Amino acid sequence: MRRYSIRTEQAYVNWVKRFIRFHHLTHPKDLGAADVERFLTHLAVDKQVAASTQNQALNALVFLYRQVLRSPLKLEHIGVRAKRPENLPTVLTEAEVERVLAQLAWEPWLMVAMMYGSGLRLMECVRLRVKDLDFEYSAVTVRAGKGGKDRIVTFAQGLEEPLQQHLQAVRAQFDRDRAAGVAGVWMPDALLRKYPGAARRWPWQFAFPARRLSVDPRSGARRRHHFNEKTLQKAVARAVQASGIGKRASCHTFRHCFATHLLASGADIRTVQEQLGHSDVRTTQRYTHLLGRGGQSVPSPFGRLRLQPPPVPPGGSVDGAEPEA
């Protein structure tokens, strides 16, 4: 009814179930703010969940009491808050990005190249539609990104020809699906009402479609959805391991790399902010902390010492033997 995404729907239902089970199957209408605070404290203290997980549980319960039970919560304090770590993101060098890309197959390579070349989030990439790729203006339109906002980002140079080759194969698959009577692509409800025939038109198809047909969990229609994001995540994890870079990287790492490498090349921070879709420039500023680290920052005093390392022991530097006193 509220037109939330299916992932939000599933997450909220899961948290409501966990809340009810925590209170021994007591109906939520017989519970109150103090019971919600107890549950949130349990998550932070006993389960030691991340701050974002605790916030998601809180949002689900606020939705339950406000929109379903029509009895808004009056929370004086949210129990014990989970600590939010202040970690700087992992960023790969350009050479490391190349090594990871070299380990990927065709479709995952294209999507990771898009995430790195345009600063896209994982779901923004897999949800791209054909009409969102503007080859004439070298622009990519991101629809309903984080916070429901649209934005236009740069088109990675050098990806035009590979993407056009990819879209030719996608168009052939689309024609076969139409001939076989496969239902049109998934459309948001408002757009489906406004453009009833758009779901069967080429511009609205996903640029990175799934390899297999699937059943829509809401309508029951059998159609071709977008590429499975978990498949892409696994492919990236395997590529990172095979590349031997020694860093913990994921799909989102390439968005961090986009921002950091763009700033390092002299791009204005406001431009990078718009490309990433950040509401607050302070979110973008965290990437500037990575630019003043390493060899370009304050030199280590060790470099001023006049010494040579001791000789490497026989058998290598690690032989399992205890050093002599």
Side-chain angles (χ1 to χ4, degrees), residues 84-104 108-126 128 132-135 137-142 145-147 149-163 232-233 235-237 239-304:
R84 183 181 293 276
E86 296 182 4
N87 298 328
L88 290 176
T90 299
V91 174
L92 309 179
T93 65
E94 292 182 1
E96 288 171 336
V97 171
E98 290 179 354
R99 287 167 62 181
V100 174
L101 285 170
Q103 301 296 326
L104 292 167
W109 184 90
L110 277 175
M111 286 182 276
V112 172
M114 287 291 294
M115 288 188 285
Y116 173 64
S118 301
L120 302 180
R121 298 179 177 91
L122 171 62
M123 296 310 298
E124 291 173 348
C125 181
V126 298
L128 284 175
D132 298 329
L133 303 175
D134 193 328
F135 293 93
Y137 284 96
S138 296
V140 179
T141 303
V142 178
K146 191 173 183 179
K149 297 179 293 184
D150 293 356
R151 72 181 190 277
I152 297 177
V153 299
T154 186
F155 205 130
Q157 293 180 350
L159 274 183
E160 292 91 344
E161 185 176 346
L163 273 172
L232 180 57
Q233 289 172 322
V236 169
V240 171
Q241 185 176 12
S243 68
I245 61 175
K247 291 182 180 179
R248 186 173 180 268
S250 65
C251 290
H252 203 68
T253 301
F254 294 96
R255 175 174 161 87
H256 297 322
C257 295
F258 166 82
T260 306
H261 296 172
L262 211 56
L263 289 169
S265 67
D268 179 75
I269 192 169
R270 293 289 182 180
T271 302
V272 179
Q273 177 191 1
E274 292 177 0
Q275 291 286 313
L276 295 175
H278 290 159
S279 300
D280 193 332
V281 72
R282 288 176 295 183
T283 308
T284 316
Q285 283 176 341
R286 65 177 180 164
Y287 296 109
T288 62
H289 297 296
L290 300 168
L291 301 179
R293 302 257 173 134
Q296 297 178 351
S297 61
V298 178
S300 169
F302 182 83
R304 296 195 296 270

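Side-chain atoms are counted along with the backbone in the values below, which use heavy atoms only and exclude waters and symmetry mates. Bear in mind that the values here come from a model prediction, so they are computed numbers and not experimental data.
- Rounding to the nearest 0.5 Å places CG of Leu120 at 11.5 Å from SG of Cys251.
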Less than 3.5 Å apart, which donor and acceptor atoms pair up between the side chains of residues 150-160 and the rest of the protein, not counting sequence neighbours?
{"residue": "Asp150", "atom": "OD1", "partner": "Ala144", "partner atom": "N", "Å": "2.7"}
{"residue": "Arg151", "atom": "NE", "partner": "Gln275", "partner atom": "O", "Å": "2.8"}
{"residue": "Arg151", "atom": "NH1", "partner": "Glu124", "partner atom": "OE2", "Å": "2.9"}
{"residue": "Arg151", "atom": "NH2", "partner": "Glu124", "partner atom": "OE1", "Å": "3.0"}
{"residue": "Glu160", "atom": "OE1", "partner": "Gly158", "partner atom": "N", "Å": "3.1"}

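- Of all heavy-atom pairs spanning Ser250 and Thr253, the tightest one is N-OG1, 2.9 Å.
- In this structure, His261 contributes its side chain and Leu92 its backbone to a donor-acceptor pair below 3.5 Å.
- The structure places CD of Glu94 at 9.5 Å from SG of Cys257, a figure rounded to the nearest 0.5 Å.
- Closest approach of Gly117 to Phe258, counting heavy atoms only: O-CE1, 3.5 Å.
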Could you walk me through whether Val100 and Val112 pass the side-chain contact (heavy atoms from CB on, under 4.5 Å) check? CA-CA 10 Å; Val100 174; Val112 172; 5.6 Å; no
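- For the pair Ala239 and Leu104, the tightest heavy-atom approach, listed with the atom from each and the gap, is CB-CD2, 3.6 Å.
- The structure places OG1 of Thr90 at 7.5 Å from NE2 of His256, a figure rounded to the nearest 0.5 Å.
- Counting non-hydrogen atoms of other residues, nucleotides and ligands closer than 6.0 Å to NZ of Lys247 gives a total above 12.
- By the side chain to side chain donor-acceptor pair (under 3.5 Å) test, Ser279 pairs with Lys149, sequence neighbours left out.
- Note that the CG atom of Leu263 and the OG1 atom of Thr271 stand 9.5 Å from one another [nearest 0.5 Å].
- Within the model, atoms CZ of Arg99 and CD1 of Ile245 stand 7.0 Å from one another, a figure rounded to the nearest 0.5 Å.
- Residues Thr141 and Asp134 fail the side-chain proximity criterion, which asks for heavy atoms closer than 4.5 Å.
- Contact annotation: the side chain of Met115 approaches that of Leu232 to within less than 4.5 Å [non-hydrogen atoms, C-beta and beyond].
- The stretch residues 256-284 participates, sequence neighbours left out, in these salt bridge (Lys or Arg N to Asp or Glu O under 4.0 Å) pairs: Asp280-Arg282.
- Side-chain contact between Leu128 and Met114: present, with at least one pair of heavy atoms (C-beta onward) separated by less than 4.5 Å.
- The minimum heavy-atom distance linking Ala242 with Gln103 is given by the pair CB-OE1, 3.6 Å.
- Looking at Arg255 and Leu276, their side chains come closer than 4.5 Å, going by heavy atoms from C-beta outward.
- Contact check for Val126 versus Met111: side-chain heavy atoms found under the 4.5 Å cut-off.
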